[in-house]
Amino acid sequence: LFSDKTGTLTRNEMVFARCHVGGQDLGEFRSDRDGRPGVGLAQARDILTQKDQQDPLFTPLLNLFTCLAVCHSVQVQLKKSDTGGTVPVYSGMSPDEVALVQAAHAVGSSFCSRVRKHGSSSSEVLVNGPLDSQRVFTLLHELAFSADRKRMSVVARHKGTIWCITKGADSVMEPLLAKPFAEACVSDLSKFSQQGLRTLVVGMRSIDNAEYEAWSAEYLAAWNLIDESRDEKVAEVAARLEKGLKFIGVTAVEDRVQDGVPEAISTIKEAGIRLWILTGDKVETAVDIARSCALFTPKTTMACALLAFNAKDAETKLLEAHSALDGQAEPGLVLDGQTLMHAMDSKECRKIIYDLGKVSRSCICARLSPMQKLQLVKLVREQNKQAITLAIGDGANDVPMLEGAHLGIAIRGKEGTQAVQASDIAISYFRFVVPLLLCHGRRAYRRVALFLCFYLYKNVALLMSDVWWMHQDMFRARIVFPEYLSIGSNVLYSAWHVLFVIGFDKDMPDEQACQSPGLYHVGPDRALFNARRLTRWMLWGIVQGSILWAVPCATMGTAQAAYDPKEPGPFWMGSLVVFTAHNIVVNLRLCLQSPTLFCKSVWLPTFAAFACYGAAILCLCYTPWGKDLQPSMWHIPSEVLRNPQALLSLFVAAGACVAMDVADRVLKYWVWPSALHAGEKADAAILMR
């Protein structure tokens, strides 16, 4: 099972938590349980509202929160407050951006409006504060975020100066800065990540008019391309501007784990499913979230393969991780995108990654691009053709992973509907995966397995009469059953009702099924549909089909009776006995295979199937058009009812086969019970109390 993290395991409800600015961590921005603002928020607000502006943190704070109020794609709507004034309400496709803009508003640098300039592609952004100041920024270009770029920029003019403001992942932003991160910044980045916070680095630089004019011409030329190279060219031109940036600060946003995720992941692991979390976040953030959601437990032995600089180094680190995890009771693996980038080019490394996946019960892969997520899914499918892969995600960047897996499940989140449209199934929360797999998925597998086995079994059982008669008749190509009676077998007598009997059965309550993840093992183990199980059903059909033909032949002499396809006779009386016994046996066997044997959803469709058979007999044997279609069956049922040998053959043949089925069910339930039967007995014992 491959899962995204943000919005899939977490709520995607971002809250600005902390920031590093001016060489220090200001402290907590989140409100406490009583609703009081955090220390960091109160301090930032106090500094920015000082009229003398003498505090050394004033300029760094003003720059950081001004950048956050300008560099975004958020929309704002002003609504009336209870006090009679107006309050800005922010909305956007990215919850991260909304949280950053809300934080800027909270400290006094408030994004108030975005107005498109008439006759131009640029727009004006109005920022109020701090204090009573108003600042207008003209946005000339917006260089949008993408999964490959991992950053977003705006080109804005303010008071005649053009600025490039950029925010993005620290791994991408550090090479773009004029100076590397200071030690205090590196320390705070690590601290924020270990707390499970999502970090962004903000940088900016001024651009002279000549440089801007030259760059703008190149950017517009790239933007106007109409071939497949357009996106690549636009990104290349945008990257030329995003360099030599001045470091402004680091933001840290909290995204809390969804309710029920730790319990769901524990259940999934107990069901024998290997779980890999694929995310673009920092390694420390991903590992902290993994611990929060019980992917990694205190008993987990963790091995890492990180920051490989070439394929040989990646292979060495992967082998070291394999050695560390081999034989451990609770192994956990941590990989990063840089190591995978080198490893994917090596056939040996790809094999080691798959072997590591088999050794590990859980894995975290951090700093991945959408295509790397897809590559991991494809790697598993290539290395093991029998493996079944499932991917879960909520955003457009998860679409390749969803489409690459056998089954794609989308979370209806806050990042649009692209994932839902590309998925096979859509759910609202990650915890719903548990009933989806342990209830619906397990039952669907059992139902499909039973349907396939039963459908083949009943036809083999019917075919055995033709096989024996073919030899007894010296291969003269004469049929054993009336044509218009046998053609209804797979339509009316033993086919349509199977959908109702199997489709509505329910082995145990959903709550108990979710609490018994061991029941799910029958699916990954392929215990209900395999060569051995299918062979057993076929042998059962051969034996019962032979009994159904042999008994009437022995008691009624069916094989030696005169054969006339145009006239009723003893042969057709024996044929009707065999066919009737067959319908009784196969339909009762289906009932006995159902876990809900005494429910009306089993017996009502079965009685309806018997009724269809009875109606077909009446139409063929007692109506004028039935006589024209099947003259050999005229009044044959009456002859059977008046013939003691025929009735004896019917009861003995059907009774012997049904007794075999009853004994089979009793032995399976009481002598060799499966995990499901044991659960059913435990549930029955609870109900008896």
(Q) Check Lys5 with Asp281, please: is the shortest side-chain N to carboxylate O separation under 4.0 Å? (A) yes
(Q) Can a side-chain donor-acceptor contact be found between His440 and Tyr445 if the only test is distance below 3.5 angstrom? (A) no
Q.
Has Thr389 got a side-chain atom pairing as donor or acceptor with His406's backbone, closer than 3.5 angstrom?
A. yes
Q: Would you kindly say whether Ser193 and Ser190 are connected by a side-chain donor-acceptor distance under 3.5 Å?
A: no
Q) Would you call the rings of Tyr429 and Phe432 parallel, tilted or perpendicular, where under 30° means parallel and over 60° means perpendicular? A) perpendicular
Q. What pair of heavy atoms forms the shortest contact from Thr267 to Pro517, and how long is it?
A. O-CB, 3.6 Å
(Q) Assess whether a salt bridge exists between Glu330 and Arg361, defined as any Lys/Arg side-chain N lying under 4.0 Å from an Asp/Glu carboxylate O. (A) yes
**Q.** Side-chain donor or acceptor of Asp288 paired with backbone N/O of Gly196 under 3.5 Å
**A.** yes
Q. With the threshold set at 4.0 Å, does a side-chain nitrogen-carboxylate oxygen contact exist between Arg443 and Asp505?
A. no
Q: Can you establish whether the number of heavy atoms outside Glu232 located under 6.0 Å from its atom CD is more than 12?
A: no
Q.
Keeping Asp424 on the side-chain end and Gly408 on the backbone end, is there a donor-acceptor pair under 3.5 Å?
A. yes
Q. Do Glu320 and Thr316 get their side chains close enough for a donor-acceptor pair, meaning under 3.5 Å?
A. no
Q. Which class fits the ring pair Phe2 and Trp276: parallel under 30°, tilted 30 to 60°, perpendicular over 60°?
A. perpendicular
Q. Which atoms form the tightest heavy-atom contact between Ile273 and Leu1, and what is the distance?
A. CG2-CB, 3.8 Å
Q) Is it true that Arg431 and Asp259 have a side-chain N and a carboxylate O under 4.0 angstrom from each other? A) no
Q.
For the residue pair Arg442 / His521, report whether a side-chain donor-acceptor contact shorter than 3.5 Å exists.
A. no
Q. So, Asn310 side chain and Lys312 main chain: donor-acceptor pair closer than 3.5 Å or not?
A. yes
Q. Does the Lys282 side chain pair with the main chain of Thr199, one donor and one acceptor, at a distance under 3.5 Å?
A. no
Q: Report the C-alpha distance between Arg412 and Asp394 in whole Å, list the side-chain angles of each, state the deciding distance to 0.1 Å, and finish with yes or no for salt bridge (Lys or Arg N to Asp or Glu O under 4.0 Å).
A: CA-CA 6 Å; Arg412 297 189 194 92; Asp394 72 314; over 6 Å; no
Q) From Ile265 CD1 over to Leu9 CG, what is the distance, rounded to the nearest 0.5 angstrom? A) 5.0 Å
Q) Cation over ring, Arg240 on Trp215, under 6.0 Å and within 45°? A) no
Q. Hey, mind stepping through Glu382 and Arg350 against salt bridge (Lys or Arg N to Asp or Glu O under 4.0 Å) and telling me if it holds?
A. CA-CA 10 Å; Glu382 290 170 0; Arg350 293 170 67 87; 2.6 Å; yes
**Q.** Expected output: side-chain Ser360 to main-chain Pro331 donor-acceptor under 3.5 Å
**A.** no
Q. Within the side chain of Arg381, is there an N or O that forms a donor-acceptor pair under 3.5 Å with the backbone of Ile388?
A. no
**Q.** Exercise: do Arg198 and Thr6 side chains pair donor with acceptor under 3.5 Å
**A.** yes
Q. What are the two closest heavy atoms between Leu374 and Gly404, and how far apart are they?
A. CD1-CA, 3.7 Å
Q.
For Arg367 and Asp170: C-alpha separation, side-chain torsions, deciding distance, then whether salt bridge (Lys or Arg N to Asp or Glu O under 4.0 Å) applies.
A. CA-CA 11 Å; Arg367 292 299 196 193; Asp170 59 284; 2.6 Å; yes
Q: Determine yes or no for a side-chain-to-main-chain donor-acceptor pair under 3.5 angstrom, with Lys269 supplying the side chain and Leu295 the backbone.
A: yes
Q.
With side chain to side chain donor-acceptor pair (under 3.5 Å) as the criterion, how do Ser73 and Glu97 come out once you've worked through the C-alpha distance, each side chain's angles and the decisive distance to 0.1 Å?
A. CA-CA 8 Å; Ser73 57; Glu97 284 196 326; 2.9 Å; yes
Q: List the steps, then state whether salt bridge (Lys or Arg N to Asp or Glu O under 4.0 Å) holds for Arg18 with Asp188.
A: CA-CA 10 Å; Arg18 308 179 82 94; Asp188 283 343; over 6 Å; no
**Q.** Arg256 atom CZ, over 12 foreign heavy atoms within 6.0 Å
**A.** no
Q | Check: Phe430 main-chain N/O paired with Gln258 side-chain donor or acceptor under 3.5 Å | A | yes
Q: Decide if the gap between the ring center of Tyr219 and the ring center of His141 is smaller than 6.0 angstrom.
A: yes
(Q) When you measure from the side chain of Asp313 to the backbone of Phe309, do you find a donor-acceptor pair of N or O atoms at a distance under 3.5 Å? (A) yes
(Q) Counting only heavy atoms not in Lys378 (residues, nucleotides, ligands), do more than 12 fall under 6.0 Å from its NZ? (A) no
Q: Walk me through it: do Phe192 and His20 pass the test ring pair (Phe, Tyr, Trp, His ring centres under 6.0 Å)?
A: CA-CA 10 Å; Phe192 295 158; His20 170 92; 7.5 Å; no
Q | Nearest heavy atoms of Thr301 and Ala324, plus distance in Å | A | CG2-O, 4.3 Å
Q | Donor-acceptor pair between Thr339 and Asp336 side chains, under 3.5 angstrom | A | yes
Q: Determine whether more than 12 heavy atoms belonging to other residues, nucleotides or ligands lie under 6.0 Å from atom CZ of Phe504.
A: no
Q. Going by heavy atoms in the side chains, are Val250 and Leu189 under 4.5 Å from each other?
A. yes
Q | Plane angle bin for Tyr90 and His105 - parallel if under 30°, tilted between 30 and 60°, otherwise perpendicular | A | perpendicular
Q.
Does either side chain, that of Glu242 or that of Ser153, offer a donor lying less than 3.5 Å from an acceptor on the other one?
A. yes
